[in-house]
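What follows is a single structure, written as structure tokens, with notes after it.
Atom set for the values below is all heavy atoms of this structure, side chains included, hydrogens, waters and symmetry mates excluded. Note that the structure is a prediction, hence the values are computed from the model and not measured. Every chain is numbered from 1, with letters handed out A, B, ... down the list of sequences.
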Amino acid sequence: MASTSVVDLRDVVAVVDRFPALAGVTLRIGSGEVVLVRGPNGAGKTTLLRLCAGLLGLTAGDASVLGVDLRTSASAVRRRVGLLGHASFLYADLTVAENARFWGRATGVSDADAVAALDRLEVAQRIRDLPVRSLSTGQRRRVSLAVAVARRPELWLLDEPHAGLDSGGRDLVDALVAEAAAAGATVMFASHELERAESVAQRAVTIVGGVITDGGESEPEPPADGERASRSGTDLSGTDLSGTDLSGTDLSGTDLSGTDLSGADRGP
Amino acid sequence: MVRDVVLIAAKDLRLEWRSRVGAGQVLPFALLCVLLFAFALDVDRGVLQQATAGLFWVVVLFAAVLVVQRSFSVEASDGVIDALRLSGLSPAAVYLGKVAAITVELLALEAVLWLAVAVLYDTTLGGWGLLVGTVLLATVGTAAAGATYGVVGLRLRGAETLLPLLLLPLLAPVLIGATAASDIALGRSAGPGWPWAALLGMFCVVYLLLGSVLFRPLMEDS
């Protein structure tokens, strides 16, 4: 799928533990954009970020990130993104400095740059020789961010980046996002702190029940010849969802013609 | 590739050094097994001496299951396996690095266990060339198979109980070959020992090749 967008998802369905966490997501994000992904708990925000990081396969639809087709080359995307998740991605028994060095070396970052990232995140010198397991949640968050920042990713995927941080840390995250965007990187982040997040983001998209309900297309383009003219609802025609738990999923307006739903739990 | 293998192995050994799980839990467990065998078979010390090699390798395999579980449980915690996938490190390098670290940990454990069986089972160690060769090959084979199944356990519920069920049958050839070669090295049975060592070497190569190839899809699914 040829694309100039950094993120280009079309009717993407992603199933997690037999549940369609993404039930037909269409989303386009251009280079240098800072996009807030908002939605209630369980809406699919984390799944969307993991999919864009190349960590989750798609069941249906087309997805390209940084110009790479996720269906065929997800591993090629991973090294170019920086993901901050709910987990710290750190070894609890290694010190802060050892974690920074290890993940730096694993991703081709020099030791000096790894230390510089710790400095940028204002990780105190006195805790750098402490094992990560002894740190507070906020301190771990800063170290995780430092590891992600050191990679200089082209696409930042931040899941609740402000969570667990003090006010200084939250301001630092906002400044990092602004710096990244100014340097030409694209930022996609999920947050429940809407007031702060909306002041940082250039655009917001809303995801509910695994479907983008608002703001999915930044620059609407006329459909090319042979392409479906309408994107209202979701086209799952021909998709094999047998054995999938669809309870709680809003599929109104979805074209299920030809879809194999045998054995699927469609809920009440 | 070699740099990445060393990076992973050094990290795993550092983690073990910091946590002391091997020295503080796995080694005492293995020594306890050796001791319990001595209690169970002490009525006839001749049986203990005759069965030294077999008992030793059974204990090593039990301990290996714990070492493998520990090696992969650190990757399962706090999303680290996802970070490894995002790092761009070659899965084959991750696999070989983990095999190297598990091998070093098992070799250290086996050194202590040989001393323990020498004392408790009244066994005279000897046949050093064959014994050392057998230990090295059997340990690498065990680590190679263990690392392959260890990553499978990352995505299974109840991995702690499933891993022994999956791993021990796969290690049966290592147990047979290592016991036979060690018996000959210790002078408990006659015959050429090196063909058994060669068999262990073949298992090593097969397990390492299979693991290097299978680790990528197994890591993707974890």
Next on the checklist: Checking side-chain polar atoms at under 3.5 Å, does A:Asp69 have a donor or acceptor matched by the opposite partner on A:Ser64?
Outcome noted: no
Item to check | When A:Gly54, A:Ala106, A:Ser75, A:Ala74 are compared by non-hydrogen pairs under 4.5 Å with chain B, the top option | outcome: A:Ala106
Checklist entry - Can you pull out the residues in residues 199-210 of chain B with any heavy atom less than 4.5 Å from chain A? => result none
Checklist entry - Looking only at heavy atoms, what is the nearest atom pair of B:Leu166 and B:Pro169, with distance? => result O-CD, 3.6 Å
Checklist entry - Please walk me through it: do B:Arg85 and A:Leu55 pass side-chain contact (heavy atoms from CB on, under 4.5 Å)? => result CA-CA 8 Å; B:Arg85 292 166 69 195; A:Leu55 289 175; 4.0 Å; yes
Item to check | Side chain B:Thr179, main chain B:Ile176, donor-acceptor under 3.5 Å | outcome: no
Next on the checklist: Quick one, B:Val117 and B:Leu55 - any side-chain contact, counting heavy atoms below 4.5 Å?
Outcome noted: no
Item to check | Main-chain N/O of B:Val119 paired to B:Thr123 side chain as donor or acceptor, under 3.5 Å | outcome: no
Next on the checklist: I need the residue from A:Leu83, A:Val147, A:Asp93, A:Thr95 with the largest number of non-hydrogen atom pairs under 4.5 Å to chain B.
Outcome noted: A:Asp93
Checklist entry - So what's closer than 4.5 Å to chain B heavy atoms on A:Leu90: side chain, backbone, both or neither? => result backbone
Checklist entry - Ring centroid separation for A:Phe189 and A:Trp156, is it under 6.0 angstrom? => result no
Checklist entry - Do the charged groups of A:Arg78 and B:Glu220 touch, with an N to O distance under 4.0 Å? => result yes
Next on the checklist: How close do A:Glu160 and A:His86 get, counting heavy atoms only, and between which atoms?
Outcome noted: CG-CE1, 3.8 Å
Next on the checklist: Give the interface residues of residues 65-78 of chain B toward chain A, defined by a heavy-atom separation under 4.5 Å.
Outcome noted: B:Arg70, B:Val74, B:Glu75, B:Asp78
Checklist outcome for this item: Between B:Ala63 and B:Ala30, the two heavy atoms sitting closest are CB-CB, 4.3 Å
Checklist entry - Does anything in residues 2-17 of chain B get under 4.5 Å of chain A by heavy atoms, and if so which residues? => result B:Arg3, B:Leu7, B:Ile8, B:Lys11, B:Arg14, B:Leu15
Item to check | Check ion pair A:Arg10-A:Asp62 (N to O, under 4.0 angstrom) | outcome: no
Checklist outcome for this item: Against chain A, residues from residues 86-102 of chain B with at least one heavy atom under 4.5 Å, in numeric order, are B:Leu86, B:Ser87, B:Gly88, B:Leu89
Checklist entry - Going from CG on B:Leu214 to CG on B:Leu218, what distance comes out if it is rounded to the nearest 0.5 angstrom? => result 5.5 Å
Next on the checklist: Are B:Trp57 and B:Phe62 an aromatic pair, judged by ring center distance below 6.0 Å?
Outcome noted: no
Next on the checklist: Do the side chains of A:Asp119 and A:Arg128 get close enough for a salt bridge, i.e. N-O under 4.0 angstrom?
Outcome noted: yes
Item to check | Flag for B:Thr139-B:Glu110: side-chain donor and acceptor within less than 3.5 Å | outcome: yes
Next on the checklist: Can you tell me which portion of A:Arg151 sits under 4.5 Å from chain B's heavy atoms? Options are side chain, backbone, both or neither.
Outcome noted: side chain
Checklist outcome for this item: So, the part of A:Val81 with a heavy atom under 4.5 Å from chain B: the answer is side chain
Checklist entry - Atom CG in B:Leu109, atom CZ in B:Phe29: separation rounded to 0.5 Å? => result 10.5 Å
Item to check | Exercise: identify the closest heavy-atom pair between A:Ser5 and A:Arg28 | outcome: OG-CG, 3.0 Å
Checklist entry - Is A:Arg101 reaching over with its side chain to a backbone N or O of A:Asp111, donor-acceptor style, under 3.5 angstrom? => result no
Item to check | Contact origin within A:Arg133 toward chain B - heavy atom pairs under 4.5 Å | outcome: neither
Next on the checklist: Please report the interatomic distance CD(A:Glu33) to CE(A:Met188), rounded to the nearest 0.5 Å.
Outcome noted: 10.5 Å
